[in-house]
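Okay, so here's the structure we're looking at.
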Amino acid sequence: MLSEMQVRQNLATSKFGRTIFEIHEQIDSTNTRTKILGTEGAPEGSIVLAEYQSAGRGRLGRAWHSPSGLNLYFSILLRPHIPIYQYPLITLAAALSLSEAIEKSTGLQPSIKWPNDLLINGKKLAGILTEMELLDPGSAYAILGIGLNVNLDRKHLPEALVESAGSLLIESGKAWPRERILAAVLNTLEKNYFTLNQGEFEEIRGRYLARCHTIGRMVTVTVGREPISGKAVDVDESGRLVIEKESDGERTAVNSGEVTLTGSSYMRRR
Ligand code: BTN
């Protein structure tokens, strides 16, 4: 079982994990539990973590594979001050924070697939699911759910995920102390979230773009049934991916859908 004491020893946050910090041996989904805390008025920075999720949720209605005792599955309750149209930036700031914290604590350099997948050597290391409760202005909140594969080995993966899923262990060949990784993520995340909440997205955007391997590449984004192809050139102030369309060179911004890389420019930008 993950040791709360060891997390606290490495924690340098002022809000995240400082009031409610639930650690469950098993739960349906940490996002679902955090949503309940949100409706009950729990303070910003409340955290729910589980060793195992029986119904871990991913983006686009997918499930999140959550085997016991190997990885990190947790959700943070946020009560942001930024306008609602900028809430997607929380997810971008979280992806950036994961990449920065992992690099700092392991030396590995995961890159970000817009908007929020963390990749290492083409394999998915972490996923982020942000769910929003928009309610009345002023009482809206967000649940930031993070799944990070730490000590997952290939043998723990179902056949369907063997090719696509990665972990810190698979990448480095050694096991990592989950408590230290978690504390590093929370420390970095709180800092970046505070910056974002003060309206300083520009400060975050540059660092995000530098780590985002989607930028500069040819992509096809399927939004609904409509595929858009072109070069990914930027991320705008509401977190949308800006694409220079192949068809007419016009720029368009997309805010959801699946990005598929096309073309051959597959060099790392960092
Ligand atoms: C994705 O599809 O990439 C997002 C995956 C998010 C998984 C995490 S694990 C902790 C939290 N609880 C959930 O049910 N989902 C998120």
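Whatever order the structure lists ligands and atoms in, that order sets their numbers, starting from 1.
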Considering only heavy atoms from C-beta outward, does the side chain of Thr222 approach that of Ile228 to under 4.5 Å?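 Heavy-atom side-chain distance check fails, nothing below 4.5 Å.
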
Non-hydrogen side-chain atoms of Pro67 and Leu152 separated by less than 4.5 Å: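 Yes, at least one pair of side-chain atoms sits under 4.5 Å.
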
Polar-atom distance check: Trp64 versus ligand 1, any N or O pair below 3.5 Å?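 No, Trp64 has no N/O under 3.5 Å of an N/O on ligand 1.
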
Is the closest N or O pair between Arg57 and ligand 1 shorter than 3.5 Å?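 Among all N and O atoms of Arg57, at least one is under 3.5 Å from an N or O of ligand 1.
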
Under a 3.5 Å distance rule, please check whether [X] uses its side chain to pair with a backbone N or O of [Y] as donor and acceptor.
X      : Y      : result
Gln86  : Glu237 : yes
Glu131 : Ile143 : no
Asn149 : Ala165 : no

For ligand 1, indicate whether the residue Ile146 contacts it via side chain, backbone, both or neither (heavy-atom separation under 4.0 Å).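 It is the backbone that touches ligand 1; the side chain stays farther off.
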
Within ligand 1, which atoms have a heavy atom of [X] less than 4.0 Å away?
X      : answer
Gly58  : 1 (C), 2 (O), 4 (C), 5 (C)
Asp117 : 3 (O)
Asn31  : 11 (C), 12 (N), 16 (C)
Ser29  : 12 (N), 13 (C), 14 (O)
Gly56  : 14 (O)
Thr30  : 10 (C), 11 (C), 12 (N)
Phe74  : 10 (C)

Identity and distance of the protein heavy atom lying nearest [atom]:
atom                   : result
atom 9 (S) of ligand 1 : Gln53 NE2, 3.3 Å
atom 2 (O) of ligand 1 : Arg59 N, 2.6 Å
atom 3 (O) of ligand 1 : Lys124 NZ, 2.6 Å

With sequence neighbours excluded, give me every ring pair (Phe, Tyr, Trp, His ring centres under 6.0 Å) pair touching residues 140-179.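 Non-adjacent pairs meeting ring pair (Phe, Tyr, Trp, His ring centres under 6.0 Å): zero.
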
Does at least one non-hydrogen atom of Arg62 fall below 4.0 angstrom from an atom of ligand 1?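 No, that is not the case, since the closest heavy atom of the residue is not under 4.0 Å from the ligand.
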
side-chain hydrogen bond (donor to acceptor under 3.5 Å, both in side chains) partners of Asn197, counting only residues at least two apart: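 Testing Asn197 for side-chain hydrogen bond (donor to acceptor under 3.5 Å, both in side chains), a comparison that skips the adjacent residues, returns Tyr193.
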
Roughly how far, to the nearest 0.5 Å, is the CG atom of Leu144 from the CZ atom of Phe74?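 One gets 7.5 Å once the value is rounded to the nearest 0.5 Å.
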
Of Glu51, Gln26, Gln53, which is the lone residue that meets side chain to side chain donor-acceptor pair (under 3.5 Å) with Ser66?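 It is Gln53, the one option of Glu51, Gln26, Gln53 that forms the side chain to side chain donor-acceptor pair (under 3.5 Å) with Ser66.
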
